[in-house]
Amino acid sequence: MKNYFNYLVNILFPEHCIICGNELCFTDIKDYPICGTCLERFKTINGSRCARCSLPLIDGVKECIRCKTTGFTFSSNYSIYSYHDWPVKEVLYMYKFGKKKVLSGFFAEKIADILNIKYAGIVAVPVPSDRKSIKKRGFDHIGEIAGLLERKHGITVKHLLKKKIRTKEQKSLEYKERIENLKGSISINNDPAYLLTGRERKLVVLFDDIFTTGATVEECSRVLKGNGVKDIVSVTVAVD
Ligand SMILES: [Zn+2]
Ligand SMILES: [Zn+2]
């Protein structure tokens, strides 16, 4: 019934692919406007990758220089895509800064796939955004994904972290400056609804859109560890 309804809606009001602009056909109708051909353009990181941060590496190299020289609190980050592999950056940009909230379905689907394969049954924790960024974007880009992970993909999500103050724009900062900039901005959410059980404390998986220097995941991990979480890993859409 729902499919028939979608079919009719699509005939009356055809949607277009956000990447190539072609009209979406009935078989393309998902929660997000990307056609089948464009979905195939997203290439996951398949070759060698850094065991710690997921950065693509040449064959035989196990860890990148960045991870060798940085002592991270979290065990590992797994990124699905390389940020600069077209059209990853473009689609993330449309989502975060182009008010294309509808793309949350695409990112949630991809993150859910990895959580189910690698971290089934582990509590997933969104990397928090501060109120000003949410206002500027018009929505909470990670919160949207978190909602879909819970409602549509059946993943246990706990909003264990909150971001208190707006930090400086991170873009141009190096790892050490980013860590300094983030210090004290992320704290634990004491809402009793998000209390972890003893078993859940053993490992939690953070999720976010982009892993750049690792500073944000690091700061979140420090806060979680300081609050009794034994081990932290992360899943991100892309590594830069
Ligand atoms: Zn397309
Ligand atoms: Zn690395």
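Please read these numbers as outputs of a predicted model, since none were measured by experiment. All ligand and atom numbering here is 1-based and tracks the order in the structure.
- For the residue pair Glu109 and Tyr32, a side-chain donor N or O sits within less than 3.5 Å of a side-chain acceptor on the partner.
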Contacts under 3.5 angstrom, residues 79-92 side chains, donor-acceptor by atom type, not counting sequence neighbours:
{"from": "Ser79", "atom 1": "OG", "to": "Asn77", "atom 2": "ND2", "distance (Å)": "3.0"}
{"from": "Ser79", "atom 1": "OG", "to": "Thr236", "atom 2": "OG1", "distance (Å)": "2.7"}
{"from": "His84", "atom 1": "NE2", "to": "Asp240", "atom 2": "OD1", "distance (Å)": "2.8"}

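- Under the 30°/60° scheme for interplanar angles, the aromatic rings of Tyr194 and His159 are found to be tilted.
- When rounded to 10 degrees, the angle formed at the Zn ion (ligand 2) by SG (Cys53) and SG (Cys50) equals 110°.
- No hydrogens or angles considered: nothing links the side chains of Tyr175 and Arg66 as a donor-acceptor pair under 3.5 Å.
- Rounding to 10 degrees, one finds that the Zn ion (ligand 1) sits at the corner of an angle of 110° between Cys35 SG and Cys17 SG.
- Rounding to 10°, one obtains 110° for the angle at the Zn ion (ligand 2) between SG (Cys64) and SG (Cys67).
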